[in-house]
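All figures in this text were calculated on a predicted structure; none of them were measured in a lab.
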There are 2 protein chains.
Amino acid sequence: MNLKQLSQMLGLSQTTVSRALNGYPEVNRETRERVLKAVRETGYRPNKAAQRLATGKAGSIGLVMPTSPGNSSDVHFSEFLTGLGEEALRHDFHFVLTPADPNDEVGALRRLAASGNVDALFVNYMRGHDPRLEMLKTLSIPFLVHGRSIGSEPDYPFLDLDNEAAFYDATKLLLQLGHRRFALLNGPIYLDFAIRRKNGMEAALAERGLTLDEACTSHTPMTDEQGLFAMERILQMEKEKRPTAVLCSSTVLALGAVRAVNQAGLKLGEDISLIAHDDVLTLLKPESFTVPLTTTRSSLRAAGVRIAERLIGEIKHTETFPSQELWKAELIVRASTGVAPAD
Amino acid sequence: MNLKQLSQMLGLSQTTVSRALNGYPEVNRETRERVLKAVRETGYRPNKAAQRLATGKAGSIGLVMPTSPGNSSDVHFSEFLTGLGEEALRHDFHFVLTPADPNDEVGALRRLAASGNVDALFVNYMRGHDPRLEMLKTLSIPFLVHGRSIGSEPDYPFLDLDNEAAFYDATKLLLQLGHRRFALLNGPIYLDFAIRRKNGMEAALAERGLTLDEACTSHTPMTDEQGLFAMERILQMEKEKRPTAVLCSSTVLALGAVRAVNQAGLKLGEDISLIAHDDVLTLLKPESFTVPLTTTRSSLRAAGVRIAERLIGEIKHTETFPSQELWKAELIVRASTGVAPAD
DNA sequence: AGAGGTAGCCAAAGCGCTTTGAGGAATGGG
DNA sequence: CCCATTCCTCAAAGCGCTTTGGCTACCTCT
């Protein structure tokens, strides 16, 4: 069933039927109702490809799925995706997901844009000096980035968490509790958020004349396994040199780190204080750790909702948003942080 | 840059250029190379919407994302998605993800198919007597289901895990270890896999004249929280009646369950034996639990790869696959299972 | 009554691609 | 030398939709 058949059936022109369906004013009320009734009865659905070809709008936003053989699936990514989906549902939008080799993200993005299948692009997992930015600016479709790219001109639309402030505040808290030796379990250092979190932490330390020991810093994929390894390594240091305060870039890393602490027979919140960044993952609630975790919290999913909202608004030209948003994380104190142990 | 411009640039007709690009034999080798060179230089990419309109093929497979406001993101789903993506990447396919209210999955599926945006459909989270099946059969595009639907005619293409056998075997193992009182922490009972796992477990018990106590059975969303609650409830029973063996439908449930066991001061593998089904989630490795978990294992991600492979093969008409596949889970014994404690 | 609007509808062009049906040029055979 | 054959190329139709630019009939106003 297509427009032609439908309009013949109704004894109307394609034009009129099309207008009736798309809410144009120059259609008689009765006619419109007749059309809508026929649509309901026949189950007619406009062909999206044709619609897209004619209008240039696709009702879809494109994103590159950072996946490659051997690469692990990422809870953070799917939490975010859930948020995107939640908002897209409200506007009858869908996503076009292009899986891409991480080494060819620029290419994948370009192909996606050129395919004419999407109205807007979204990118995340920003790196320092991210090469995708330059490419995106040359494109004619709107885009939005989640995160920022340190080292690039900040002239692109983004939504980011104030990672620097989050880790600055967290460090500050630990300093107030008397801690002097710190460790950081971070994400891969080429990622922008990891760089900024480290910066934030170092800034707070510097205020007290302290520095972050490289030996106590790890930059790894954010899995529980890596968290375990990194923490084990740190706990092997002599007690006098060993950090008493640890910052984790994800509750996932913290999951492993806490296990290491337990296995070493140490008490979280007494021997070792830990603050993790909490993306509000469904699976991993900091409050349901055996010792509830102090966290810097910002929901990834909420970010997804917001990003979809902005992107769709831009496509529909209905709303304008501040082009650059910086969210603050909440610092939530629970039992995993305590006064520094006496040496 | 479109076909018309490109062909004018080359002094060729659109036909010839199109044929050159799509590998038709009736194009001179030199001509073809000239065309390909121009494509490389200009960065020309065919418009997918137009291609789709002309050919009827879209190079994409559609899936409904089970998401709604307030609904939680699901690690199992994203693990699977990763597998799909991995395979799709190899064939330059992409996905169209339609987020849908779980109450309107049939509608979402129909819209997706009618939109003309996808070549094939994929569905999962099958229920008993699943209404989507009937709808899918009326559609003209191929589809594949992950899982099965108990109570429906088994005349549709599927890939499923032999859930019955997996839980039958697991139960059998526990019986051999002397356990007589069992509990089951299962997924929502309307889901097909949950029904079958329960059946498998009950079949093994029945062979010894045992039955599964309803009070020791829970059907919940598969989150760690639910696992914790369910297990806490079970551990409140009097010691003489309390189950000594527990089956979990997911390592995620097990995560909570194990926490409950620990909090009760019981020893896993001694006081309580536990077997979980392991979907090989990146985040949750059964071997890195404090007491490594005995599991029935089957990679969700591998299933994703296989499903994409079959779907894409069907679209391209290149390969035919057995239309129905039943995978076996591996039973892997670790430390969480032990001889039943003497009463 | 005639000018000027307006409401409601339509025919046709166009979006960028593939594919059909046909034609021109070169080659070979009788 | 002519016709058949092969190789390459082309013009044009068509995919299903939106949108432009009329057109007609009916009002309203003076």
Side-chain angles (χ1 to χ4, degrees), chain A residues 1-36 38-39 42-60 92 111 113-119 140-141 315-317, chain B residues 1-36 38-39 42-60 92 111 113-119 140-141 316:
Chain A
M1 172 61 63
N2 57 25
L3 226 211
K4 198 172 171 185
Q5 291 166 14
L6 185 70
S7 54
Q8 274 172 0
M9 209 180 95
L10 286 163
L12 291 169
S13 74
Q14 295 189 36
T15 312
T16 306
V17 176
S18 168
R19 294 210 149 133
L21 291 175
N22 295 318
Y24 282 70
E26 56 269 81
V27 179
N28 193 344
R29 235 190 78 173
E30 283 175 34
T31 313
R32 186 186 308 268
E33 277 162 14
R34 212 154 61 84
V35 170
L36 291 177
V39 166
T42 58
Y44 165 80
R45 286 268 153 195
N47 179 310
K48 287 267 182 195
Q51 230 166 12
R52 162 71 177 157
L53 190 55
T55 60
K57 300 261 159 254
S60 69
D92 196 25
R111 279 193 296 280
S115 79
N117 255 334
V118 299
D119 294 324
S140 55
I141 63 177
I315 292 168
K316 291 190 170 171
H317 297 293
Chain B
M1 172 62 63
N2 57 23
L3 227 211
K4 196 172 172 184
Q5 291 166 14
L6 185 71
S7 53
Q8 273 172 359
M9 211 179 93
L10 285 162
L12 291 170
S13 75
Q14 296 190 36
T15 313
T16 305
V17 177
S18 167
R19 293 214 150 128
L21 290 175
N22 295 319
Y24 282 69
E26 56 268 79
V27 179
N28 191 346
R29 237 191 77 173
E30 284 175 32
T31 313
R32 186 186 308 266
E33 277 162 13
R34 213 154 60 84
V35 171
L36 291 176
V39 166
T42 58
Y44 165 81
R45 285 272 153 192
N47 178 310
K48 287 267 183 195
Q51 231 166 10
R52 164 69 179 158
L53 190 55
T55 60
K57 298 263 158 257
S60 68
D92 196 26
R111 279 193 296 278
S115 79
N117 254 334
V118 299
D119 294 323
S140 55
I141 63 177
K316 291 190 172 171

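- If you check every strand for non-hydrogen atoms under 4.0 Å, A:Q51 touches sugar and phosphate atoms only.
- Along DNA chain C, the nucleotide closest to A:L12 and the one closest to B:L53 are compared, and the more 5′ of them pairs with A:L12.
- Interface limits on DNA chain C: the 5'-most and 3'-most nucleotides within less than 4.0 Å of chain A heavy atoms are C:dG8 to C:dG16.
- Under the 4.5 Å side-chain criterion, counting only non-hydrogen atoms from C-beta, A:R52 is in contact with A:D119.
- Contact annotation for B:S18: base contact, defined as any heavy-atom pair under 4.0 Å involving a base atom.
- Between the OH atom of B:Y24 and the P atom of D:dT9 there is a distance of 16 Å, given to the nearest Å.
- For residues 42-51 of chain B, no pair satisfies side chain to side chain donor-acceptor pair (under 3.5 Å), with sequence neighbours left out.
- Under the side-chain contact (heavy atoms from CB on, under 4.5 Å) criterion, B:A54 pairs with no residue at all, not counting sequence neighbours.
- Helix-axis bend for the helix from C:dA1-D:dT30 to C:dG30-D:dC1: the local axis fitted to the five terminal pairs at one end deviates from that at the other end by 50°, rounded to 10°.
- Considering only residues two or more places apart in sequence or on other chains, B:R111 meets the side chain to side chain donor-acceptor pair (under 3.5 Å) condition with B:D104.
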Task: Where protein sits on nucleotides 21-27 of chain D, one letter per nucleotide: B base, S sugar-phosphate only, - none, heavy atoms under 4.0 Å - done: B------

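- Every residue two or more places apart in sequence or in another chain that forms a side-chain contact (heavy atoms from CB on, under 4.5 Å) with A:Q8 is listed here: A:K4.
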Donor-acceptor contacts under 3.5 Å from residues 16-26 of chain B side chains, at least two apart:
| unit_1 | atom_1 | unit_2 | atom_2 | d |
| --- | --- | --- | --- | --- |
| B:T16 | OG1 | B:S13 | OG | 3.1 |
| B:N22 | ND2 | B:S18 | O | 3.1 |

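- Residue B:L10 comes nearest to B:A38 through the heavy atom pair CD2-CB, 3.9 Å, listed as atom of the first residue, atom of the second, then distance.
- Listed by chain and residue number, A:R29 satisfy the salt bridge (charged side-chain N to carboxylate O under 4.0 Å, His left out) test with A:E33 (two or more places apart in sequence, or in another chain).
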